[in-house]
Structure formats: structure tokens, C-alpha cells
Amino acid sequence: MSLRTITKLAASVALIAFASGAARAADNVEVLHWWTSGGEAAALDVLKKDLESKGVTWSDMPVAGGGGEQAMTALRARVTAGNPPTAVQALGFDITDWAKQGVVGDLGEVANAEGWDKVIPTALQNFSKFDGKWIAAPVNVHSTNWVWINKKAMDAAGGKEPQNWDEFVAMLDKMKANGITPLAHGGQPWQDATLFDAVVLSLGTDFYKESMIDLDPAALSGDKMKEAFSRMEKLRSYVDDNFSGRDWNLASAMVIEGKAGAQMMGDWAKGEFLKAGQKPGTDFVCIRFPGTQGAVTFNSDQFMMFKVGEDKQKAQLLMASAIEDPKFQSAFNVVKGSVPARTDVPDTDFDDCGKKGIKDLAEANEKGTLFGSMAHGHAVPASIKNAMYDVITRHFNGDLSTDEAPAELAAAVAAAQ
Ligand code: GAL
């Protein structure tokens, strides 16, 4: 073999190695997320396996912490360093905030070819798109105004699903008398705020909109808001002494094990019940927070894509397409506790709570009673959300009276605007 042939051969071997290396790099996604509880991890695994079956490998970047606050801090560090992950779990206004900084990618090629416009509800598109461009792929719709009740505990407390505030309080009183913690709760600001979402909504859909979305100072500081804080104070009386800092999934575990009667939490809690082998209707009951029937406060997890090198863009598009596949939407959301982000996914594989979630969402959307969850970043941007968290948590911990809280809330919101 001449030297020339050997050189040529070496060059083509190098080229093949480079090409396959590039292909491999292009088909890997590094995903930042906060799905670390048992139920969340099981759902994440559905996504991971789906992508792997399509030749896309997964580099995991989990940042524990329900609600995603810690994940967003980790994300800021990565973006500031000029090295964003391929895809990032993100919520509502956080997506818009990143888009405004000009650092997000463009999923238009896939979204337009697959007709996402026609099947993803406008309420989600408002966050998945910025300046008319698709920048994120919604994977689900969760809602926050649910209560998860241990069936045995409910039966021992009279066996009736509470329909209004008074019946709810009566049930919690009976649970207390029966010697269990009535309300399982984790004292973290986002969890306190999740309760607050439901309590405000239970005082009227107009009131939720005026206070949480329109930020009307009169609604924020008025008598109805005082009633909301009064209900929060009452709920606090049903929580055990060790609630401070408890993770939400540990609160779910208290209900699963029958140590507590009920948990007010978004439907990701259902993922924990299912993971523990429990069945809706038999072991646990799902109801809308009493007084919020017919209305929904939603949050949608989306995978937001950042501007990355050309070598990673193909994987971003593959991942986005996989996420919006109707079959995947069903398989994933059945495990996660949420409902599909597309309107054309059959409810066949969903349990009764999931079927109810799908129906409630469609009806609320039609009736105009579908609202973004304040607690989960779909009502107002993070700056205002955090100002609300602060007041809600101080009040829940007894550092602020029910009389003072409404004016504090209005002032905190005004200062954050
Ligand atoms: C929410 C998120 C859910 C769930 C929850 C608890 O913000 O949308 O998917 O994971 O936090 O971690």
C-alpha cells in the first residue's frame, strides 16, 4: 500500500469516526427537571424510554425541590455560564421571562409540520409561544384545586365527599376526633401557595381572576381576601406540628398510609398514590377542593428549549416531536397524574380521576372558568408570585394576623410590580 493510499484511508476512517461521533452527540439530550419523587420519576422514565426507543440518549440533570424553585436557580447558573441544557422543565411565566432575554430556541419546524396550533389549547400556547414562535413543548396539564383523601379515613368520618367549605371542615373535625392528622401538609412557600390557590378560587371565579390575575388592589386587600386568609388560618389548625419544610410527597405518604386524612395538592399527588399501588375509589378519593367544582386552576409542565449549538438542535426537535405524540401524551400522563396537553388524546387509558381531570379541563375552558395557577407560575410572573408567597407563608406560620394579611398582600404585590 502506498503512503498516499494509507493517508487517504486514515482520513476516511477519521471522517467516519467524526460523523458517527457527531450523530451520537446530536442525538443526546441533557434535561434539567425537578421530577425526583417516586411518582414523578416513574413518569419521567416513560419519557426517557420513549426517547431512547427513538435513538435519543438521555443525560439527566435532576434538581430536587417540588414546584421547581431550586431547578430555576440551577438553570440561571447554566445560562449565565453560556452553557444551557438541551431541554428544561419550566412553568408559565418563567418561560416567557427567558424568552424575553433572547436565549430560547425555535421549535417552529416541528410544531408547524405537526399542526400543534390546532390541538394545543390557547391557554398553553400563551406560554409555549413567544412573538409567534414555538419555544417550548407542553407535556401535560396539571391542576391545583384537588383534595386527595384516604378512603378509609373518609369512611370513618361519615363517608361523604364534602361539597362545600362547611362540609370540608366537618370532615376534618371528625378525622381529628378519630385520632389522625386531618390535613397532610408540607410547610414550604409553594405548598402554602397551592392551598391558597384553591381557597381563593373557592370564594368565586371572579374573585380569583380579580385578585390573582388582574391584581386588582381592592380585591387583594378587601373583605373577601380576609375571608381567604381566615380559611387558611382554619386549615393551619388541621396540620400537624412537624409540617415545617416537609416535602409534598412525604405529605402524600401520610395520606397513603392513613396517618393523615387528606392533602390539598395538585394532581401530581396522584402519581404517588399510584406508585404505592393504590387505586382511586378504593384506597383514595379525588375531589375538587369544595367550592371550586366547575373551575380549574392549571399549570402545565413544558420542555423549554434554549439556543444551543447546531449539533444539539436535531435532538431538541426529536424530543419536542416525541413529547407531542398523542400516544406518548396518554402513556406519560396516566402515570404522572396530569392530563394531556393536546385536546385530541382519548381518555380510554386514564383512571376515574384522570377522566374527571380531562372533562373538568375541557368544561372549564369552554365556560371561561379555567385560570392559571398563581402558586405554579401561571397567573403572574415570578417576581409577583414570590411577593405573594412571602405574605401567604408568613400568615400561615402565624407571623401575620388574618386582619393584617390582605393589606400586606396588596402592598407586596404593588411593590413587586
Ligand atoms: C409542579 C409541577 C409538577 C410537579 C410539582 C411537584 O410545579 O408542575 O409537575 O412535579 O411541581 O414537584
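Atoms within a ligand are numbered from 1 in the order they appear, just like the ligands themselves. Excluded from the calculations below are hydrogen atoms, water molecules and symmetry mates; all remaining heavy atoms, backbone and side chain alike, are included.
- One distance of note links CH2 of Trp58 with CG of Asp50; it measures 10.0 Å at 0.5 Å rounding.
- Paired with His376 under the rule ring pair (Phe, Tyr, Trp, His ring centres under 6.0 Å), one option of Phe127, Phe93, Trp34, Trp268 passes, and it is Trp268.
- Counting the atoms of ligand 1 from 1 in the order shown, those under 4.0 Å from a heavy atom of Lys336 are 3 (C), 4 (C), 9 (O), 10 (O).
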TODO: Please report the C-alpha distance between Asn299 and Thr144 in whole Å, then the side-chain angles of each, then the deciding distance to 0.1 Å, and finally whether the side chain to side chain donor-acceptor pair (under 3.5 Å) criterion is met.
DONE: CA-CA 8 Å; Asn299 58 309; Thr144 57; 5.7 Å; no
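- With a 4.5 Å cut-off on side-chain heavy atoms, Gln293 and Gln163 count as touching.
- Nearest protein heavy-atom contact of atom 2 (C) of ligand 1 is Asp301 OD1, 3.3 Å.
- For the pair Gly67 and ligand 1, the shortest N or O to N or O distance falls below 3.5 Å.
- Close contacts between ligand 1 and His142 involve ligand atoms 3 (C), 9 (O) [criterion: under 4.0 Å to a heavy atom].
- Looking only at atom types and distance, the side chain of Asp197 has a donor-acceptor partner in the side chain of Ser373 under 3.5 Å away.
- The side-chain heavy atoms of Trp248 and Ser37, taken from C-beta on, include a pair separated by under 4.5 Å.
- Atoms of ligand 1 lying under 4.0 Å from at least one heavy atom of Gly66, given by number and element, are 6 (C), 12 (O).
- Atom 12 (O) of ligand 1 has as its closest protein heavy atom Glu40 OE2, 2.7 Å.
- When the heavy atoms of Phe298, Trp35, Trp268 are ranked by distance to atom 5 (C) of ligand 1, first place goes to Trp268.
- With ligand atoms numbered from 1 in the order given, ligand 1 contributes 7 (O), 8 (O) to contacts under 4.0 Å with heavy atoms of Leu91.
- Close contacts between ligand 1 and Trp248 involve ligand atoms 6 (C), 12 (O) [criterion: under 4.0 Å to a heavy atom].
- At a cut-off of 3.5 Å, with distance as the only test, no side-chain donor of Asp106 or Gln313 sits close to an acceptor on the other residue.
- The distance from the CG atom of Leu107 to the CD atom of Glu324 is 9.5 Å, given to the nearest 0.5 Å.
- The contact set between ligand 1 and Asn299, taken as ligand atoms under 4.0 Å from a residue heavy atom, comprises 1 (C), 2 (C), 7 (O), 8 (O).
- Ranking the protein heavy atoms by distance from atom 1 (C) of ligand 1 puts His376 ND1, 3.6 Å first.
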